[in-house]
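Report on the following structure.
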Amino acid sequence: MAALLLVLACVLTPLGALSTWAKYQIGDTENYVAAMAPLAKDPDVQEAVAGAVADEIGKHIDAGPLQGTLTAFVHEAVESFTGTEAYRTAWNAAIRAAHEAVQRALKSGDDGSVVIDLAPITQEVKDQLVADGVPFARRIPVQHTEVEVMKSKDLVQLRKGLHMLQVAGIWLPVAAVLCAVAGIALAVRRRRAVIATALGMALASALLGLGLWISRRLTLSDLPPDVSKGAAGAVFDALTSSLRTAVWVIAAVGLVVALAVYLSRRVPGLRRRA
């Protein structure tokens, strides 16, 4: 019985890290925005936004032989705008709206695609181009500046696992701790049980870290050619930053506990004090 509880504690450790991350990082709008806000200064993300805005505008306005010139002007204007405080404010508003849309889609079961609205950024760029006297600038359709961030098929796949993790939330790590405590209490050789549990939790956490690394590589390798891998990588890293930190903290604590308990048996001074 003790062994089963200890194995269960090790299995629940990475699942608990995932469920806590899903609920309090991905599921919480404020935490999500806080994680994504620094990307406003990331060069790859700025370039991706500039390209997205320029491409979307190009789809809805025909400037004839000046199409290429207009697109270039728009791209340069957006790149210039991405260095301003107004851009960072618009970026935060856009990612907040996109996050709320994704959460609504996940909870409601809506299978429609989710888009991020870049209209605030486009409006600022349009005003700048109009002021500079750029031809056709007044015809830029601000209301159509949307970029698809999640397709309907992706929502279906994400909904299956993410909802369960968010519902579990903090209860999975609590269950892991309770199983560990109960298993150690029931074990005949508690010192060995503590060492085995600590090492098992550290290993399970490290495997989760390896899984994140593999997931990042697969995600970037599957991107379409027109999607910036640099920007996608920056977004992936921002969203998983707290999870990766938790992974290495758990692994480090597990190793330290196992080593401390082992040494308390081997070093006479430590053993007497224990």
Problem - Contact check, side chains of Leu165 and Lys23, non-hydrogen atoms, under 4.5 Å - result: no
Completion exercise
Between Ala202 and Ala251 the two heavy atoms that sit nearest each other are CB-O, 3.5 Å
Handout entry: Evaluation steps, side chain to side chain contact (heavy atoms under 4.5 Å, CB included), between Val33 and Thr29
Key = CA-CA 6 Å; Val33 172; Thr29 299; 4.2 Å; yes
Practice task
Using modelled atom types only, decide if a donor and an acceptor are shared between the side chain of Ser241 and the backbone of Ala238 within a distance under 3.5 Å.
Solution key: no
Problem - Verify same cluster id: Met1, Leu8 (apolar side-chain graph, 4.5 Å) - result: no
Problem - Student check: side-chain heavy atoms of Met201 and Val253 closer than 4.5 Å - result: no
Problem - Hydrophobic cluster identity match, Val11 and Leu18, side-chain contacts under 4.5 Å - result: no
Exercise for the section: Kindly work out whether a path of hydrophobic side-chain contacts (I/L/V/M/F/W/Y, heavy atoms less than 4.5 Å apart) joins Val257 to Leu199. Expected result: yes
Handout entry: N/O donor-acceptor pair under 3.5 Å between His99 side chain and Ile26 backbone
Key = yes
Handout entry: Heavy-atom pair with the smallest gap, counting every atom of Ala34 and Pro38
Key = O-CD, 3.3 Å
Problem - Between OH on residue Tyr87 and CG on residue Asn92, distance to nearest 0.5 Å - result: 9.5 Å
Practice task
Decide yes or no for Leu263 and Leu259: does some side-chain heavy atom of the first lie under 4.5 Å from some side-chain heavy atom of the second?
Solution key: yes
Handout entry: Heavy-atom pair of closest approach, residues Ala231 and Ala48
Key = CB-CB, 3.9 Å
Exercise for the section: For the residue pair Lys41 and Arg88, establish whether any side-chain heavy-atom pair is separated by less than 4.5 Å. Expected result: yes
Exercise for the section: Could you tell me whether a side-chain N or O of Trp21 sits under 3.5 Å from a main-chain N or O of Arg244, the two making a donor and an acceptor? Expected result: no
Completion exercise
dist Arg138:CZ -> Asp127:CG (nearest 0.5 Å) comes out at 9.5 Å
Problem - Nearest heavy atoms of Tyr24 and Asn31, plus distance in Å - result: O-ND2, 2.5 Å
Practice task
Check the pair Val45 / Trp91 against side chain to side chain contact (heavy atoms under 4.5 Å, CB included), numbers first and verdict last.
Solution key: CA-CA 11 Å; Val45 175; Trp91 167 260; 3.7 Å; yes
Exercise for the section: Check for a donor-acceptor pair, side chain of Gln166 on one end and backbone N or O of Ser19 on the other, with a separation under 3.5 Å. Expected result: no
Problem - Joint cluster assignment, Leu186 & Val7, ILVMFWY side-chain distance < 4.5 Å - result: no
Problem - Nearest-0.5 Å distance that lies between atom NE2 in His75 and atom CD in Glu47 - result: 4.0 Å
Exercise for the section: Ignoring hydrogens and angles, tell me if any N or O in the side chain of Thr89 forms a donor-acceptor pair with the backbone of Glu85 under 3.5 Å. Expected result: yes
Handout entry: Check: Arg191 and Ser264 side chains under 4.5 Å, non-hydrogen atoms
Key = yes
Exercise for the section: Drop me the distance from Leu15's CG to Thr20's OG1, to the nearest 0.5 angstrom. Expected result: 10.5 Å
Exercise for the section: Check whether any side-chain heavy atom of Leu208 lies under 4.5 Å from a side-chain heavy atom of Leu243, and answer yes or no. Expected result: yes
Handout entry: Atom pair CG/CG of Leu172 and Leu12 - distance to nearest 0.5 Å
Key = 6.0 Å
Problem - Full working for side chain to side chain contact (heavy atoms under 4.5 Å, CB included) between Gln25 and Leu239 - result: CA-CA 8 Å; Gln25 175 70 68; Leu239 289 178; 5.6 Å; no
Handout entry: Flag side-chain contact, heavy atom, 4.5 Å: Phe236 against Ser215
Key = yes
Problem - Shortest non-hydrogen contact between Gly183 and Ala2, atoms and distance - result: O-CB, 3.4 Å
Handout entry: Hphob cluster co-occupancy, Ile195 + Ile250, side-chain heavy atoms under 4.5 angstrom
Key = no
Fill in the blank from the handout: Scanning both residues in full, the closest heavy-atom pair of Ala193 with Ala187 reads CB-CB, 3.6 Å
Handout entry: CD1-CD distance between Ile121 and Gln123, expressed to the nearest 0.5 angstrom
Key = 12.0 Å
